Amino acid sequence: MLPKKARLTAAEVREILKSGRSVRSGALSAKYKTAFHSKAAVVVSIKVAKSAVERNRLRRAAYLALRTSLPKNVHAVFFLHKPVLVPQELNSLCLKLS
């Protein structure tokens with residue numbers, strides 16, 4: 001899990017969704033903006049995983065993978081489009097952000 005100070009607030013997520021740039025890689029996509037320090041959020045739709053337990057498990061796994069691969073000076077919102085998370089795919093998507 002990312003520390004609280006490294007996670008985006010709801011207001012920051014709304015701002016990035018409005019005016020951020022997009023990038024996609026396989027079953028993941030992201031919207032991002034440049035910033036002074038790195039922060040991230042992970043979104044898993046109910047269409048991807050029906051159960052809240054499954055969505056939270058996927059979200060936690062993505063946050064764990066982001067601990068080492070989050071790029072510098074970027075606020076990013078990551079979207080999972082399939083119910084399986086591949087950490088290497090998340091790492092390659094993070095490389096596209098920087």
Side-chain angles (χ1 to χ4, degrees):
M1 193 74 160
L2 284 176
K4 181 127 175 120
K5 66 180 181 176
R7 286 181 268 158
L8 292 169
T9 64
E12 290 170 328
V13 169
R14 280 191 293 274
E15 179 62 32
I16 292 169
L17 293 179
K18 262 199 265 184
S19 61
R21 299 182 64 193
S22 310
V23 64
R24 184 169 176 128
S25 173
L28 294 169
S29 65
K31 281 208 138 197
Y32 67 98
K33 288 176 78 171
T34 57
F36 292 115
H37 55 282
S38 299
K39 283 188 169 186
V42 177
V43 176
V44 181
S45 171
I46 197 166
K47 291 179 182 179
V48 173
K50 299 290 183 198
S51 163
V53 174
E54 293 174 40
R55 289 193 304 275
N56 289 333
R57 181 182 51 79
L58 287 168
R59 192 175 298 117
R60 281 189 220 104
Y63 278 132
L64 183 64
L66 280 172
R67 284 189 93 151
T68 58
S69 62
L70 188 62
K72 301 282 188 229
N73 302 328
V74 172
H75 283 186
V77 179
F78 294 93
F79 300 93
L80 275 71
H81 299 290
K82 294 200 175 170
V84 177
L85 176 70
V86 180
Q88 293 82 8
E89 193 174 333
L90 185 61
N91 291 340
S92 67
L93 184 64
C94 287
L95 290 175
K96 288 182 180 181
L97 299 181
S98 45

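Quick caveat: nothing in here was measured; it's all calculated off a predicted structure.
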* Asked: Do Arg55 and Ile46 come within less than 4.5 Å of each other through their side chains, counting heavy atoms only?
  ->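 Yes, at least one pair of side-chain atoms sits under 4.5 Å.
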* Non-hydrogen side-chain atoms of Thr34 and Asn73 separated by less than 4.5 Å ->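 No - every pair of side-chain heavy atoms lies 4.5 Å or more apart.
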* Asked: Which hydrophobic side chains are connected to Leu64, either touching it within the sub-4.5 Å cutoff or through other members that do?
  ->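 Besides Leu64, the hydrophobic cluster comprises nothing; the residue is isolated.
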Transitively linked via ILVMFWY side-chain contacts under 4.5 Å: [X] with [Y]?
| X | Y | result |
| --- | --- | --- |
| Leu93 | Val74 | yes |
| Val44 | Leu70 | yes |
| Leu8 | Leu97 | no |
| Leu58 | Val13 | no |
| Val86 | Phe78 | no |

Identify, with sequence neighbours excluded, every residue that meets side chain to side chain contact (heavy atoms under 4.5 Å, CB included) alongside [X].
| X | result |
| --- | --- |
| Ala61 | Leu85 |
| Ala6 | Leu2, Pro3 |
| Val43 | Val77, Phe79 |

* Listed once per pair and sorted, the ring-ring contact (aromatic ring centres under 6.0 Å, His included) pairs that draw on residues 35-77, sequence neighbours left out -> His37-His75
* Is there any ring-ring contact (aromatic ring centres under 6.0 Å, His included) pair reaching into residues 11-32, and which pairs are they, with sequence neighbours excluded? -> none
State which residues pass side chain to side chain donor-acceptor pair (under 3.5 Å) with [X]; sequence neighbours excluded, sorted by chain then number.
| X | result |
| --- | --- |
| Ser29 | His81 |
| Ser51 | none |
| Ser25 | none |
| Asn56 | Arg59 |

* Which heavy atom in Ala62 sits nearest to a heavy atom in Leu90, and how many Å separate them? ->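 The pair with the smallest heavy-atom distance is O-CD2, 3.7 Å.
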* Residue pair Cys94 / Pro71: nearest heavy atoms and the distance that separates them ->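 Nearest pair, atom of Cys94 first, then Pro71: O-CG, 3.7 Å.
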* Asked: If you look only at pairs with a residue in residues 2-23, which of them pass as a salt bridge (charged side-chain N to carboxylate O under 4.0 Å, His left out), with sequence neighbours excluded?
  -> Glu12-Lys39, Glu15-Lys33
* Would you list the pairs meeting side-chain hydrogen bond (donor to acceptor under 3.5 Å, both in side chains) in which at least one residue belongs to residues 84-94, sequence neighbours left out? => Ser69-Asn91
* To do: Starting at CG of Leu66, measure out to OG1 of Thr68 and round the result to the nearest 0.5 Å.
  =>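 OG1 of Thr68 is found 8.0 Å from CG of Leu66.
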* To do: State the OG-CG distance between Ser22 and Leu17, to the nearest 0.5 angstrom.
  => 9.5 Å
